[in-house]
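Small disclaimer: the values here were computed from a predicted structure and weren't measured. In this chain, residues are counted from 1 in sequence order.
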Amino acid sequence: MEQIVKTKEQGNLIVISAPSGAGKGSVISRLLEREPNLWLSISMTSRQIRDNDIPGVTYYFVTKEEFEQKIKEGTFLEYATYNGNYYGTPRDKIREKLDEGKDVILEIEIQGALKVKELVPDAIFIFILPPTMKELRRRLVNRGTDSMEKILDRFQTAYKEINEVTKYNYVVINDELDKAVEKVHAILLSERCRVDRIEEVYLNNMEEEVHELLVEKDLDNSIREI
């Protein structure tokens with residue numbers, strides 16, 4: 001049976017940001033495990049590789065000079081500097097995946113997210129927050145990847161970033177990971193049901209079809225009475 005509504009096959013562009021230590025990476029990993037229609041765009045960075053990094057999976061790692069050359073070549077949808085390092089979103093494959101109907105996630109910092117908002121204002125912007133600043137500090141310390149000086153710098157940056165939350169469409173508190181993932185997943189599902197995703201409404205001759213069904217029903221009832 002033909003459905004009344006045909007929705008656009010175009011995927012949604014989803015921007016997810018958070019202060020360092022808020023757990024956006026964990027949220028996104030869980031989302032990718034449970035939702036096959038999601039595709040994560042891998043960012044490029046000039047920062048040093050950490051022990052838990054996997055080149056080509058966590059980031060594409062390049063030197064500062066290589067990154068700056070790619071800026072000149074127009075490689076990035078957006079790029080920004082964060083804690084003295086470049087981070088950027090390569091344009092390659094994003095449009096291709098959206099056209100395939102995939103929802104594309106950009107896991108990017110606030111600076112980059114606001115640039116994307118200027119270019120793609122109808123994208124979905126989600127901000128992940130820690131439950132408290134005390135918990136954020138605990139998470140940063142327990143990661144054991146940064147010096148105390150770097151942790152302090154990240155903590156101070158987080159205060160500034162949280163002030164940008166009103167520029168996003170949604171905010172999710174990552175207190176319990178499973179609950180945070182459920183909330184973000186619910187946001188994605190609701191966005192797919194938006195009216196502006198309707199491409200066409202198939203009413204055709206539905207009124208006539210309903211009339212014919214009613215006539216047939218009346219005819220059946222009349223035959224049974226004879």
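- Under a hydrophobic clustering in which Ile, Leu, Val, Met, Phe, Trp and Tyr are joined whenever their side-chain heavy atoms come within less than 4.5 Å, directly or via other members, V104 and V15 fall into the same cluster.
- Contact check for R138 versus V141: no side-chain heavy atoms found under the 4.5 Å cut-off.
- The closest side-chain heavy-atom distance from I16 to L106 is not below 4.5 Å.
- Counting non-hydrogen atoms of neighbouring residues, nucleotides and ligands closer than 6.0 angstrom, the CZ atom of R139 exceeds 12 such neighbours.
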Q: Please assess R47 against D53 for the test salt bridge (charged side-chain N to carboxylate O under 4.0 Å, His left out), listing each intermediate value before the final yes or no.
A: CA-CA 11 Å; R47 78 158 169 78; D53 281 327; 2.8 Å; yes
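- Between atom CD1 of residue I105 and atom OG of residue S41 there is a gap of 10.0 Å, rounded to the nearest 0.5 Å.
- Contact check on K115 versus E118 returns no salt bridge, with no Lys/Arg side-chain nitrogen under 4.0 Å from an Asp/Glu carboxylate oxygen.
- Proximity of a side-chain donor or acceptor of T63 to a complementary backbone N or O of E66 within less than 3.5 Å is detected.
- Side-chain contact check for L188 versus I126: some heavy-atom pair is nearer than 4.5 Å.
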Q: For the pair F125 and V116, evaluate side-chain contact (heavy atoms from CB on, under 4.5 Å) and give the outcome as yes or no after the intermediate values.
A: CA-CA 10 Å; F125 293 83; V116 171; 4.3 Å; yes
Q: Evaluate the side-chain contact (heavy atoms from CB on, under 4.5 Å) criterion for residues T132 and E135: first the C-alpha distance (whole Å), next the side-chain angles of each, then the deciding distance (0.1 Å), finally the verdict.
A: CA-CA 5 Å; T132 65; E135 172 62 14; 3.3 Å; yes
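- Residues E191 and N169 form no side-chain contact, since every pair of their non-hydrogen atoms from C-beta on lies 4.5 Å or further apart.
- Contact detail for Q48 and F61: the closest heavy-atom pair is O-CE2, 4.1 Å.
- Put simply, CD1 on I49 and OG1 on T58 are 8.0 Å apart, with the number rounded to the nearest 0.5 Å.
- Connection of I108 to I14 is not established within any shared hydrophobic cluster, with ILVMFWY side chains joined at heavy-atom distances below 4.5 Å, either directly or through further cluster members.
- Note: the hydrophobic cluster containing I54 does not contain I28 (ILVMFWY, side chain heavy atoms under 4.5 Å, direct or indirect links).
- Proximity of a side-chain donor or acceptor of T89 to a complementary backbone N or O of S43 within less than 3.5 Å is not detected.
- Note on K167 versus E164: salt bridge recorded, some NZ/NE/NH1/NH2 to OD/OE distance being below 4.0 Å.
- Using bins of under 30°, 30° to 60° and over 60° for the plane-to-plane angle, the ring pair Y79/F76 lands in the tilted bin.
- Expressed to the nearest 0.5 Å, how far CG of L98 lies from CG of N12 amounts to 8.0 Å.
- Across all non-hydrogen atoms, the minimal contact from G88 to P90 is O-CD, 3.5 Å.
- A salt bridge is absent between K117 and D122: the closest approach of a Lys/Arg side-chain nitrogen to an acidic carboxylate oxygen does not fall below 4.0 angstrom.
- Under the 4.5 Å side-chain contact rule for hydrophobic residues, V184 and L40 share a cluster.
- Legend: residues meeting side-chain contact (heavy atoms from CB on, under 4.5 Å) with L152, ordered by chain and number and at least two apart, are Q156.
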Q: Could you give me the CA-CA distance, side-chain angles and deciding distance for Y86 and T45, then say whether side-chain contact (heavy atoms from CB on, under 4.5 Å) is met?
A: CA-CA 5 Å; Y86 283 116; T45 183; 5.8 Å; no
Q: Could you walk me through whether Y82 and S20 pass side-chain contact (heavy atoms from CB on, under 4.5 Å), step by step?
A: CA-CA 11 Å; Y82 183 78; S20 181; 3.7 Å; yes
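- Hydrophobic clustering (ILVMFWY, side-chain heavy atoms < 4.5 Å, transitive): I173 and L136 are in one cluster.
- Taken from CD in E78 to CD in E109, the straight-line distance is 9.5 Å, to the nearest 0.5 Å.
- A salt bridge does not link D103 to K97: none of the charged nitrogens lies less than 4.0 Å from a carboxylate oxygen.
- For the atom pair Y59 OH and N85 CG, the distance stands at 10.0 Å (nearest 0.5 Å).
- Remark: aromatic rings of Y87 and F67 are distant, center separation not under 6.0 Å.
- Considering CZ of R30 and CD of E182, their distance stands at 10.5 Å, rounded to 0.5 Å.
- Judged purely by atom type and a 3.5 angstrom limit, T157 uses its side chain to pair as donor or acceptor with the backbone of D153.
- For the pair K102 (side chain) and P36 (backbone), a donor-acceptor distance under 3.5 Å is present.
- The residues K93 and E96 are annotated as not salt-bridged, no charged nitrogen and carboxylate oxygen being separated by less than 4.0 angstrom.
- The pair E73-R91 does not meet the salt-bridge criterion, since no charged nitrogen lies less than 4.0 angstrom from a carboxylate oxygen.
- Ion pairing of E68 with K72 is absent here, as no side-chain N (NZ or NE/NH1/NH2) approaches a carboxylate O to less than 4.0 Å.
- Applying the ring pair (Phe, Tyr, Trp, His ring centres under 6.0 Å) test to F127 and every residue at least two apart in sequence or in another chain returns Y168.
- For D92, there are no side-chain contact (heavy atoms from CB on, under 4.5 Å) partners at least two apart in sequence or on another chain.
- N174 places no side-chain N or O within 3.5 Å of a backbone atom of L129 that could act as its donor or acceptor partner.
- Using a 4.0 Å cut-off between charged nitrogen and carboxylate oxygen, K70 and E65 do not count as a salt-bridge pair.
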